[in-house]
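Whatever order the structure lists them in is the order used to number ligands and atoms, beginning at 1. Both backbone and side-chain heavy atoms feed into the values below; hydrogens, waters and symmetry mates do not.
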Amino acid sequence: MDIKELIRSVPDFPKEGINFKDITTLLKDPAGFKAALNELYELAKDKGVTKVIGIESRGFVFGGALAEKLKAGFIPIRKPGKLPAPTVSETYVLEYGEDKIEIHKDAIEPGDKILLHDDLLATGGTMKAACNLVEKFDAEVIQISFLIELSFLKGREKFTGYEIHSLIEYDGE
Ligand code: AMP
């Protein structure tokens, strides 16, 4: 099963110059979905993960499925104003301007072993902010996983000291 074949590249979406990696073509393929989920599961199964955190919104799909398979809980990290109960937030710098992510204040319990998941690693800014957010709690980031890594952007360099994995790599656009 070649998972990469099931990822669609859409040029100039959402704006010119971005080659968007569309995972909906993988998600609609039952065998592809299963194969990708199994690979993520194999990477994480013996780590004692208690919570999987998925990053809005494409990190929710495999994050949720992976949590169930690992017998762990699932926690969403969301854009501002989406979570209904009190939150803790982290602001991070983008190429132009700032962005913010939030997590429910009561989502993480002391001693939780966290797996952070998102669909794609580009510059790593989003995932680094997620790590910083989790580290405001008394919990440990055990593993970070992505389906896709745009390795030419060198986002991985932001994660020295973390266990980090991706299933599919793109070396260039
Ligand atoms: P970054 O913070 O630069 O690592 O960007 C990662 C976030 O932006 C992830 O949540 C991705 O879903 C999204 N993203 C960035 N670049 C792309 C791309 N080329 N295709 C699809 N999603 C992307």
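Every N/O-N/O distance between Leu120 and ligand 1 stays at or above 3.5 Å.
In this structure, Asn19 is part of the shell of residues with a heavy atom less than 4.0 angstrom from ligand 1. Contact between Gly124 and ligand 1 is present, with at least one heavy atom of the residue lying under 4.0 Å from the ligand.
Within the 4.0 angstrom cut-off, atom 5 (O) of ligand 1 has one or more protein heavy-atom neighbours.
Counting only heavy atoms of the protein, atom 20 (N) of ligand 1 lies nearest to Lys21 N, 2.9 Å.
Ring geometry for Phe74 versus Phe60: interplanar angle over 60°, hence perpendicular rather than tilted (30 to 60°).
Residue contacts with ligand 1 for Leu150 involve side-chain atoms from C-beta outward but no N, CA, C or O (heavy atoms, distance under 4.0 Å).
Within the listing of ligand 1, atoms 11 (C), 12 (O), 13 (C), 22 (N) sit less than 4.0 angstrom from a heavy atom of Arg58. Atoms of ligand 1 found under 4.0 Å from any heavy atom of Asp118, numbered from 1 in the order shown, are 9 (C), 10 (O). Atom numbering of ligand 1 starts at 1 in the shown order; those under 4.0 Å from a heavy atom of Thr123 are 1 (P), 2 (O), 3 (O), 4 (O). Close contacts between ligand 1 and Thr126 involve ligand atoms 1 (P), 2 (O), 5 (O), 6 (C), 7 (C) [criterion: under 4.0 Å to a heavy atom]. Remark: ligand 1 atoms within the under-4.0 Å shell around heavy atoms of Asp119 are 9 (C), 10 (O), 11 (C), 12 (O).
With a 6.0 Å cutoff to the six-membered ring centre and a 45° limit on the axis angle, Lys21 counts as a cation-pi contact of Tyr170.
Listed by first then second residue, pairs satisfying salt bridge (Lys or Arg N to Asp or Glu O under 4.0 Å) with a partner in residues 4-16 read Arg8-Asp22, not counting sequence neighbours.
Taking 4.5 Å as the limit, every side-chain heavy atom of Asp119 sits out of range of all side-chain heavy atoms of Ile148.
Looking only at atom types and distance, the side chain of Glu98 has no donor-acceptor partner in the side chain of Thr91 under 3.5 Å away.
Glu102 has no carboxylate O lying under 4.0 Å from a charged side-chain N of Arg78, or vice versa, which leaves the two without a salt bridge.
For Lys100, the NZ atom sits in a loose shell: 12 or fewer heavy atoms of surrounding residues, nucleotides or ligands are nearer than 6.0 Å. No more than 12 heavy-atom neighbours from other residues, nucleotides or ligands sit within 6.0 angstrom of CD on Glu68.
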